[in-house]
Amino acid sequence: KLVAMAGSLKELNAKINTVKKSMESSQRISEQMIKILMGFESKLTLLEQTILPIHKATQSLVTKKKNLEGTIRAVDQMIENQDLAFSAKSAMSEAVQRIEYESGLKDFLELLAKMRSAMMYFHQQSNLKESNARYRELRTAVSAGVENAEAHFLKLLEKKQLYNPVRVSAAMEYMVERIDRGVGNTRMSDKDTIVTGPISYISSGTGAEDEMSYAPEVEENLLMIESDMKMDIVAQLGDIALCLRTNKRIGYVESLEKERGKQALSLLEKVCRPDFKFESAIDEEVEAKLKSAHQSLAKLQFDDRRNQHLDIAESVASHEILGSVRSGGNSKQSTVDANKSSIYLRALLEVLRLEQAVFKEILEMRAGLSLEETLQIFHRAMEPSVDFVLKRISKMLKEISGNKVVVISLDFLQTFQSLLPEFLKVIQTSTHSPQAEFKSLGRRTENLKTKLLTFRSKICEFCGQALFEFEQAIRKHHRLKRNNKKEKQIEATGTVHFVSVRVVNFLLRSLYPCKATLESEDMQSVKQIAEARRFFPALSTTGSVFLWLLNSLQETIAEIASKQISNEALRWIFKLNNLYLVSKRLKDSKAMLKGDIPKTDMKARFEDKIDECKENYLSCSWSRVLEAISMSDWESVRSHCRPTEVKGKKVLEADPWAKKAIKYKWKEFNQQFGKQYERQKAWSVPNANLRSQLRAANEEMLLENYSQFYKGSQEISFTRNAGKHMKLQPKILVEFLSEFFENSG
C-alpha cells in the first residue's frame with residue numbers, strides 16, 4: 001500500500017508542475033497583449049486630437065447655413081405676405097367669382113387660409129415698417145372672404161340637396177303601394193310560413209315564394225339610399241365649416257341645424273301625407289334602383305313575429321271581432337294605416353341615419369368638432385322631425401277602433417322594439433364636455449333617447465288600455481238589445497254565441513302571435529298586464545292575459561244565459577256549447593299553450609264546468625219525466641189490482657183507483673216528454689262529438705227507467721185502448737231521443 005501511494009504522489013507532482021508551466025506561459029502572453037493595446041490607445045488619442053478642430057469647424061458651418069436659410073425663408077415669407085397684402089382685394093374678388101365651381105371653392109378656401117396666415121404674420125411682426133397697413137388690408141379681405149364663405153354655405157344648404165329626396169320619397173311611396181295591394185289577400189295558414197335561418201320566405205298562400213324578409217341580425221341599409229348621398233356637396237360644406245370655425249364664425253352651426261331640420265321635416269311630412277302616391281314620372285334609373293331594393297323593402301311589410309305565425313294585418317282583416325264594438329271604419333284601411341305607422345317609423349330612422357352622416361361629415365370629420373358637439377347640434381336639428389312622426393303615429397293608432405287596436409298596437413310595439421336599438425345607435429351620446437365656444441349655441445333640448453323611450457312607454461300603456469277596452473267590450477254583450485237577429489237565434493236554439501267564436505279566434509289567431517311582445521320587459525310594468533298576472537296567475541304573461549279575457553267571456557256567457565234565455569235546460573245547453581267550443585279550441589292548441597296555462601287551471605275552468613253543465617242539463621230536462629215514470633209507488637198500484645185471465649193470459653185487473661193512477665202517470669210522461677222533444681229538437685249543439693255525448697246521456701238516463709215502467713204497465717190491464725196512453729215503445733223512444741238537436745246545422 002505504501003508503494004502504491006508513493007507512486008500516485010509522484011504522478012500528482014508531475015501534473016502540478018505541468019500546470020505551473022502553462023500558467024507562466026499564459027501570463028507572458030497577457031503582458032504582451034496589454035502592451036499592444038496601450039500602444040493602440042495612445043494612437044487613437046492622437047487621432048481624436050487631430051479630428052476635433054475639423055468637427056468644430058463643420059458644426060460652425062452648418063449653423064451658419066441654417067441661419068442663412070432661415071433668413072432667406074423669412075425674407076421670402078415677408079415678400080410673399082407683402083405681395084398677398086398688396087393684391088388682397090383683387091385676389092379675393094376674383095376667387096369669390098369662381099366660388100360656385102368645386103375647383104374654384106377649393107382655390108378660394110386655400111387663398112382665404114393664406115390671407116389669414118399673412119394677416120397673423122403682420123399682426124405678430126408689428127415692428128416691421130408698414131406692418132399695420134398690410135394687416136388692415138388683409139383683415140379687410142379676410143372679413144369679406146369669410147362673409148362670402150358663410151353666404152355660400154347658406155346657399156349650398158338652401159339650394160342643393162345633400163341626398164336626393166325623390167329617391168327617399170319614391171321608396172316610401174313604393175312601400176305604401178305594395179302594402180295597399182297586399183292587405184286584402186287570403187289569410188295565410190301556418191304551413192304557408194317557412195322560417196329558415198336569417199332569411200325567411202313567406203308565401204301568399206299560392207305556394208310561390210314571392211316575398212323575402214331579412215331577419216333583424218342582417219344589418220343593412222333598408223332603403224339603400226345612403227350610397228346616393230351627394231358627398232361632394234357634403235365635403236364642400238365641411239370644408240367651408242372648417243374655414244368658418246377657424247375664423248371664429250360659428251353662425252354656420254345654427255344655419256346647418258335649422259336648414260337640415262327643416263328639409264328633413266319637409267320630407268317626412270311628404271311621406272306622411274294622406275294623398276301620398278307613387279310618382280310615375282321618376283326616371284328609369286331610380287325605378288331600377290327601387291326594383292333592386294325590392295327584397296329589402298319587403299321587410300317593411302313582414303316582421304319576425306309574422307314570420308313565426310300569421311300575418312297579423314291579414315288576420316285582422318279576415319276576422320271582425322265583437323259585433324257591438326265594430327266601428328264604422330274600414331277594416332282594411334285601418335290595417336293599411338297601421339302598416340303606414342311602421343313605415344313612418346322606418347322613414348324617420350332612415351332620415352336620421354342620413355342626417356347623422358351629413359352632420360358627422362360636415363362637423364366632426366371636416367370642421368373638427370367633437371362627437372358630443374356634433375350630436376348636440378344633430379339632436380336639435382332632428383327634434384322637430386322626431387316629434388312630428390311620433391305624434392303622427394300616436395294619432396293614427398288612436399284613430400283605430402274596435403279590437404283591431406289591440407293587435408295593431410302590439411304589432412307596432414314589436415316593430416318599435418326591434419328598431420329601437422337602431423335608433424339609439426344613430427342618436428348615441430358622448431361624455432366629452434363641449435368646447436366653451438359652443439356652450440352658448442342655443443337652448444338645451446330633451447334628449448332624443450328620452451323621447452323615444454317615453455314614446456315606447458306610452459305605446460305600452462296604449463296596448464294595456466286597448467286590452468282593457470277589449471275586455472270591457474266582451475262584457476258589453478250581455479247588454480245588447482234582444483231584437484238582434486243573432487240574439488233571437490241564440491235565445492231559441494242555445495247555439496254558440498258569436499262572441500265566443502270571435503274571442504277565441506282573436507286569442508289564438510291574433511293575440512298569441514304577439515306573445516313575444518306581451519312577454520317583453522316593457523309590458524310587465526303596464527297596469528293592466530300587472531293586474532292580469534296578479535288575479536290570473538299562469539305560467540306566462542300571455543297565459544294570464546288569456547285567462548283574464550276568457551274569464552270575462554265566461555261571465556258574459558253566464559250573464560247572457562240568465563238574462564236572455566228563459567228555459568233553464570236551454571241555459572245549460574247554451575253554456576255547454578260555448579264552454580265546449582273554447583275548451584276544444586284550447587285543447588287543439590295544447591302544444592302552443594303548454595308553456596302558458598297550467599293543466600289544472602284548464603281542468604278547473606273548462607272540463608269540470610262542462611261536466612257540471614251536463615249534469616244540470618240532464619236534471620232540468622228529465623226530472624219531471626223521471627218523476628212521472630218513477631216505480632217507487634208501483635207496489636201500491638199493484639196492491640189495488642187482482643189477478644184475472646184475459647184471452648187465456650194471466651193479467652192483473654186494476655181497480656178504478658189504480659186505473660186512474662196509471663193513466664195519470666202516462667199522461668204526465670207523454671206531456672213532459674212531448675214538450676222536451678218539441679223543444680230540444682229545435683235546439684242546436686254544433687259540435688258533433690258533444691251532440692252525440694248528450695244524446696247518449698239522455699238515452700242512458702231515460703231508457704232503463706222507461707223500459708221498466710213500460711213493462712210494468714203491460715202487466716196490468718188498466719184500459720181498453722193501451723196505445724192511447726203507451727204511445728212509445730222503448731226502441732221508438734231511442735229514435736225520438738236521436739232526433740234531439742236536429743237544428744245543429
Side-chain angles (χ1 to χ4, degrees), residues 492-496 557-558 561-562 565-581 583-584 603 606-638 661-716 722-723 725-744:
T493 65
T495 189
V496 175
I557 292 300
S562 63
I565 301 177
S566 56
N567 186 284
E568 191 173 359
L570 184 57
R571 289 177 190 167
W572 293 110
I573 286 291
F574 173 69
K575 293 179 182 179
L576 189 58
N577 277 329
N578 288 277
L579 285 173
Y580 196 86
L581 167 76
S583 177
K584 182 179 183 303
K603 184 176 184 300
F606 297 104
E607 295 178 17
D608 294 347
K609 289 189 177 182
I610 287 173
D611 293 338
E612 179 187 350
C613 288
K614 287 180 181 178
E615 292 175 4
N616 287 323
Y617 156 72
L618 293 173
S619 174
C620 293
S621 296
W622 306 120
S623 58
R624 299 188 66 177
V625 172
L626 292 175
E627 183 182 348
I629 60 176
S630 173
M631 300 294 285
S632 60
D633 60 344
W634 199 248
E635 289 300 323
S636 175
V637 172
R638 289 176 66 91
I662 295 173
K663 288 179 181 179
Y664 177 78
K665 291 174 76 70
W666 275 107
K667 179 181 178 182
E668 280 296 306
F669 169 79
N670 289 329
Q671 286 181 351
Q672 296 301 325
F673 182 81
K675 286 180 181 179
Q676 294 299 332
Y677 173 75
E678 292 298 330
R679 288 171 180 168
Q680 299 198 33
K681 186 171 67 170
W683 292 357
S684 175
V685 179
N687 186 274
N689 187 35
L690 178 61
R691 191 162 60 245
S692 62
Q693 289 179 23
L694 291 176
R695 287 173 176 172
N698 287 335
E699 183 178 335
E700 181 182 355
M701 194 165 194
L702 287 182
L703 185 59
E704 184 178 355
N705 293 327
Y706 181 75
S707 297
Q708 292 178 2
F709 179 65
Y710 189 87
K711 184 177 180 181
S713 298
Q714 284 182 323
E715 295 173 352
I716 300 175
H725 303 281
M726 303 168 62
K727 297 179 179 180
L728 302 177
Q729 297 179 9
K731 64 178 182 179
I732 301 299
L733 178 72
V734 172
E735 293 178 2
F736 272 55
L737 290 175
S738 66
E739 294 178 10
F740 279 25
F741 319 120
E742 281 189 342
N743 195 31
S744 298

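- For the residue pair T493 and T495, no side-chain donor N or O sits within less than 3.5 Å of a side-chain acceptor on the partner.
- Under the rule for a side chain to side chain donor-acceptor pair (under 3.5 Å), the partners of R638 that lie at least two apart in sequence or sit in another chain are E715.
- Listed by chain and number, the residues in a ring-ring contact (aromatic ring centres under 6.0 Å, His included) with F574 amount to none (sequence neighbours excluded).
- With sequence neighbours left out, the salt bridge (charged side-chain N to carboxylate O under 4.0 Å, His left out) criterion links K584 to D588.
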Can you give the donor-acceptor pairs under 3.5 Å from side chains of residues 727-741 to other protein atoms, not counting sequence neighbours?
{"unit_1": "S738", "atom_1": "OG", "unit_2": "E735", "atom_2": "O", "d": "2.5"}
{"unit_1": "E739", "atom_1": "OE1", "unit_2": "Y677", "atom_2": "OH", "d": "2.2"}

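- For Y706 and F669, the gap between ring centers is short of 6.0 Å.
- Remark: F606 pairs with no residue by the ring-ring contact (aromatic ring centres under 6.0 Å, His included) rule, at least two apart or across chains.
- No more than 12 heavy atoms of other residues, nucleotides or ligands lie within 6.0 Å of CD in E704, so this atom counts as exposed by the packing criterion.
- For K609, the side chain to side chain donor-acceptor pair (under 3.5 Å) criterion is met by no residue, not counting sequence neighbours.
- Residue pairs meeting the salt bridge (Lys or Arg N to Asp or Glu O under 4.0 Å) criterion with at least one member in residues 566-575: none, sequence neighbours excluded.
- Partners of S583 under the side chain to side chain donor-acceptor pair (under 3.5 Å) rule, at least two apart in sequence or in another chain, do not exist in this structure.
- Residues satisfying the side chain to side chain contact (heavy atoms under 4.5 Å, CB included) test with A569, not counting sequence neighbours, are N567, Y617, C620, S621, W683.
- N687 contributes no side-chain N or O that, together with a main-chain N or O of N577, makes up a donor-acceptor pair within less than 3.5 Å.
- For the salt bridge (Lys or Arg N to Asp or Glu O under 4.0 Å) condition, the pairs that include at least one residue of residues 618-636, sequence neighbours left out, are D633-K665.
- Evaluation of the salt bridge (charged side-chain N to carboxylate O under 4.0 Å, His left out) rule for D608 yields K603 as partners, not counting sequence neighbours.
- For K663, there are no side chain to side chain donor-acceptor pair (under 3.5 Å) partners two or more places apart in sequence or in a different chain.
- Side-chain atoms of S619 never come within 3.5 Å of backbone atoms of E615 as a donor-acceptor pair (strictly under, hydrogens ignored).
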